[in-house]
Q: 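Quick one: structure below, then a few questions.
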Number of protein chains: 2
Amino acid sequence: MVEDFKEKFREFLETEDLKFTSEREAILEKIFSIHYHFDADDLVFMLRGGKKRVSKATVYRTLDLLVKSNLIIEHQLGDKKKIYEHVLGHSHHDHLICLYCSKTIEFDEPMIEDFQDRVCEKLKFIPERHSLKIFGKCQFCQKKSKP
Amino acid sequence: MVEDFKEKFREFLETEDLKFTSEREAILEKIFSIHYHFDADDLVFMLRGGKKRVSKATVYRTLDLLVKSNLIIEHQLGDKKKIYEHVLGHSHHDHLICLYCSKTIEFDEPMIEDFQDRVCEKLKFIPERHSLKIFGKCQFCQKKSKP
DNA sequence: GTATCTGCAAATTCTTTGCAATGTC
DNA sequence: GACATTGCAAAGAATTTGCAGATAC
């Protein structure tokens with residue numbers, strides 16, 4: 001399973017005349033073992049103690065390559081950090097973000113695609129992807145704030 | 001017109017036990033004279049040569065207050081900078097962002113609100129606001145890339 | 001008068017980059 | 001063996017913060 005993605009990455013690198021290094025392999029393996037989103041620093045931390053030491057700079061550089069090769073997706077959820085997630089068994093989804101505890105909840109609502117196409121047709125824009133974030137109060141924080 | 005917003009800001013500051021300073025006034029006046037979005041640095045630059053010199057730190061601090069008082073809206077459109085826009089005569093809208101020239105186009109599609117409510121009801125989330133960005137190719141860049 | 005504000009420069013946070021040593025094909 | 005890649009530490013970009021003097025109420 002992960003091997004398929006490794007192969008895809010290898011192919012991508014080849015078409016770009018880049019090399020499949022052990023650092024890149026270690027990063028890819030780690031990413032596909034994570035089944036939620038993560039940021040660059042999470043990844044650096046999780047790679048410590050693994051079979052290969054990887055520097056922060058290399059993590060950033062490799063994340064860019066993985067985004068370009070469509071093996072991972074990049075989001076700007078909060079203010080500062082970018083977060084990432086791999087595409088394995090993950091169809092497109094959007095996010096609810098709790099303003100009180102910062103928890104994020106994924107949701108999937110295919111109708112948004114129709115909506116996107118309708119808007120874009122009107123405005124003669126060719127959509128490639130979208131990002132919908134709904135900010136509000138999650139179930140847990142609703143309970144917490146009740147008397 | 002701008003005076004109304006000045007009054008609202010003054011009231012907001014009062015409820016928070018904060019002061020209506022000449023710097024805050026100058027920033028607010030300048031913002032309401034801009035009819036498109038801007039970032040913190042744009043604002044610092046535009047304030048140079050105005051009736052009041054205002055430092056970058058104060059601009060950042062005042063932008064936060066204006067967001068809290070609902071007189072301006074903050075967006076994270078690109079990667080790094082936050083951009084802002086005032087609410088005067090501006091109902092809620094979302095953005096198309098061209099991946100080729102970075103131009104942003106505003107659009108307004110009230111149906112998105114229904115959509116938001118439907119999703120949130122299912123997930124027991126109380127929505128407060130949302131941000132929808134559609135990335136793709138604008139009309140101009142479509143023409144440019146044709147032979 | 002007193003507590004908030006301001007400007008400055010230094011600190012922070014996340015990310016990118018230059019360079020010499022290293023590794024891949 | 002050539003050229004991409006790595007790690008490091010330094011640079012960069014946007015934003016925040018600590019502090020001493022200035023200002024609003």
Side-chain angles (χ1 to χ4, degrees), chain A residues 6-7 9-30 37-69 72 74-84 102, chain B residues 6-7 9-30 37-69 72 74-84 102:
Chain A
K6 229 184 251 190
E7 196 46 49
F9 192 35
R10 207 190 290 266
E11 283 165 20
F12 167 81
L13 292 171
E14 200 167 345
T15 65
E16 304 271 317
D17 280 315
L18 303 174
K19 289 165 183 171
F20 188 74
T21 64
S22 55
E23 288 84 355
R24 289 176 182 167
E25 183 173 15
I27 291 170
L28 186 137
E29 281 179 2
K30 181 56 76 182
H37 46 236
F38 58 89
D39 61 42
D41 223 49
D42 292 339
L43 194 51
V44 170
F45 194 75
M46 288 191 259
L47 283 163
R48 293 219 200 293
K51 66 181 178 186
K52 183 80 195 172
R53 250 200 159 294
V54 185
S55 74
K56 193 169 282 202
T58 297
V59 165
Y60 276 106
R61 289 188 273 230
T62 304
L63 284 170
D64 285 347
L65 293 172
L66 288 164
V67 169
K68 281 204 192 109
S69 64
I72 66 174
E74 178 186 288
H75 296 279
Q76 185 95 37
L77 283 196
D79 269 7
K80 308 205 143 182
K81 298 181 188 183
K82 286 178 197 153
I83 62 148
Y84 301 87
S102 300
Chain B
K6 228 183 250 190
E7 196 46 48
F9 193 36
R10 207 190 290 268
E11 283 165 18
F12 167 81
L13 292 172
E14 200 166 346
T15 64
E16 303 271 315
D17 280 314
L18 303 175
K19 289 165 185 172
F20 188 74
T21 63
S22 55
E23 288 84 355
R24 288 174 182 170
E25 183 173 16
I27 292 171
L28 185 136
E29 281 179 1
K30 181 56 74 182
H37 46 235
F38 56 90
D39 61 41
D41 224 48
D42 292 338
L43 195 51
V44 170
F45 194 76
M46 288 192 260
L47 282 163
R48 293 221 200 292
K51 67 182 182 190
K52 184 79 194 171
R53 248 199 161 293
V54 186
S55 74
K56 192 169 282 202
T58 297
V59 165
Y60 275 106
R61 287 187 273 230
T62 304
L63 284 170
D64 285 347
L65 293 171
L66 287 164
V67 169
K68 281 204 191 110
S69 64
I72 66 175
E74 178 184 289
H75 296 280
Q76 185 97 37
L77 283 197
D79 268 8
K80 308 206 144 180
K81 298 182 187 184
K82 286 177 198 157
I83 62 150
Y84 300 88
S102 299

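Here is how names work: the chains are called A, B, and so on, in the same order as the sequence lines, proteins then strands, and each is numbered from 1.
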Q: In terms of side-chain heavy atoms of A:Arg61, which of C:dA9, D:dC8, D:dA14 is nearest?
A: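 When the side chain of A:Arg61 is considered, D:dC8 is the closest of C:dA9, D:dC8, D:dA14.
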Q: With no angle test and no hydrogens, is the base of D:dC3 tied to the side chain of A:Lys19 by a donor-acceptor pair under 3.5 Å?
A: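 Yes.
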Q: Provide the closest heavy-atom pair for A:Glu29 versus A:Lys51 in the form atom of the first, atom of the second, distance.
A: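 That closest heavy-atom pairing would be OE1-NZ, 3.2 Å.
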Q: In whole angstrom, what separates B:Arg24's CZ from D:dA24's P?
A: 11 Å
Q: Specify the separation, in whole Å, of atom CD of B:Glu25 and atom P of C:dC5.
A: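 Rounding to the nearest Å, CD of B:Glu25 and P of C:dC5 are 15 Å apart.
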Q: Whole Å only: how far is the CG atom of A:Leu13 from the C1' atom of D:dA4?
A: 11 Å
Q: If you check every side-chain atom of B:Thr21, which of D:dA9, D:dA24, C:dG7 has the closest atom?
A: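 Of D:dA9, D:dA24, C:dG7, D:dA24 is nearest to the side chain of B:Thr21.
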Q: Can you find a donor-acceptor pair, distance only, under 3.5 Å between B:Lys81 side chain and D:dA13 base?
A: no
Q: A side-chain contact here means heavy atoms from C-beta on lying under 4.5 Å apart; do B:Lys30 and B:Val54 qualify?
A: no
Q: In whole Å, what is the span from the CD atom of A:Glu16 to the P atom of D:dA4?
A: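 Interatomic distance, CD of A:Glu16 to P of D:dA4: 13 Å.
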Q: Is it true that B:Lys52 and B:Glu25 make a salt bridge, defined as a side-chain N closer than 4.0 Å to a carboxylate O?
A: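 Here B:Lys52 does not pair with B:Glu25 in a salt bridge, since their nearest N and O are not under 4.0 Å apart.
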Q: Kindly indicate whether the side chain of A:Leu65, heavy atoms from C-beta on, has any atom under 4.5 Å from the side chain of A:Glu16.
A: no
Q: Starting at CG of A:Leu63 and ending at P of C:dT16, how long is that distance when rounded to a whole Å?
A: 9 Å
Q: What is the distance, to the nearest angstrom, from the CZ atom on B:Phe12 to the P atom on C:dT4?
A: 15 Å
Q: Out of D:dT15, C:dT6, C:dC5, which nucleotide sits closest to the side chain of B:Leu18?
A: C:dC5
Q: How close do A:Ile27 and A:Leu43 get, heavy atom to heavy atom, and via which atoms?
A: CG2-CD2, 4.0 Å
Q: Which of these nucleotides, C:dG7, D:dG7, D:dT5, is closest to any side-chain atom of B:Glu23?
A: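 It is C:dG7.
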Q: From C:dC25, C:dC5, C:dT16, pick the nucleotide closest to the side chain of A:Asp64?
A: C:dT16
Q: What does the inter-axis angle of the helix from C:dG1-D:dC25 to C:dC25-D:dG1 come out as, five pairs per end, nearest 10 degrees?
A: 40°
Q: If you only use heavy atoms from C-beta on, which nucleotide in D:dC8, D:dT15, C:dC8 is closest to the side chain of A:Ser55?
A: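 Of D:dC8, D:dT15, C:dC8, D:dC8 is nearest to the side chain of A:Ser55.
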Q: May I have the distance from B:Phe38 (atom CZ) to D:dA14 (atom C1'), rounded to whole angstrom?
A: 16 Å
Q: In this structure, how many angstroms lie between the P atom of C:dT15 and the CD atom of A:Gln76, rounded?
A: 8 Å
Q: For A:Lys56 and for A:Asp17, locate the closest nucleotide of DNA chain D by heavy-atom distance; then report the residue assigned to the nucleotide nearer the 5' terminus.
A: A:Asp17
Q: Does the A:Asp42 side chain pair with the main chain of A:Asp39, one donor and one acceptor, at a distance under 3.5 Å?
A: yes
Q: Do A:Arg53 and A:Arg48 come within less than 4.5 Å of each other through their side chains, counting heavy atoms only?
A: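 Sidechains of A:Arg48 and A:Arg53: in contact.
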Q: May I have the step-by-step check of side-chain contact (heavy atoms from CB on, under 4.5 Å) for A:Leu63 and A:Lys82, ending in yes or no?
A: CA-CA 11 Å; A:Leu63 284 170; A:Lys82 286 178 197 153; over 6 Å; no
Q: Taking the side chain as every heavy atom from C-beta outward, state whether A:Lys56 and A:Asp41 have any atom pair closer than 4.5 Å.
A: yes
Q: Show your working on side-chain contact (heavy atoms from CB on, under 4.5 Å) between B:Lys6 and B:Leu28 and close with a plain yes or no.
A: CA-CA 7 Å; B:Lys6 228 183 250 190; B:Leu28 185 136; 3.9 Å; yes
Q: Contacts to DNA chain C from residues 43-54 of chain B, heavy-atom cutoff under 4.0 Å, which residues?
A: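 The stretch gives B:Arg53, B:Val54 as the residues lying under 4.0 Å from the strand, ordered by number.
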Q: Judged by each residue's nearest nucleotide on DNA chain D, which is more toward the 5′ side, B:Phe20 or A:Thr62?
A: A:Thr62
Q: Please state whether the phosphate of C:dT15, meaning OP1 or OP2, lies under 4.0 angstrom from any side-chain nitrogen or oxygen of A:Tyr60.
A: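 The answer is yes; a side-chain N or O of A:Tyr60 sits under 4.0 Å from OP1 or OP2.
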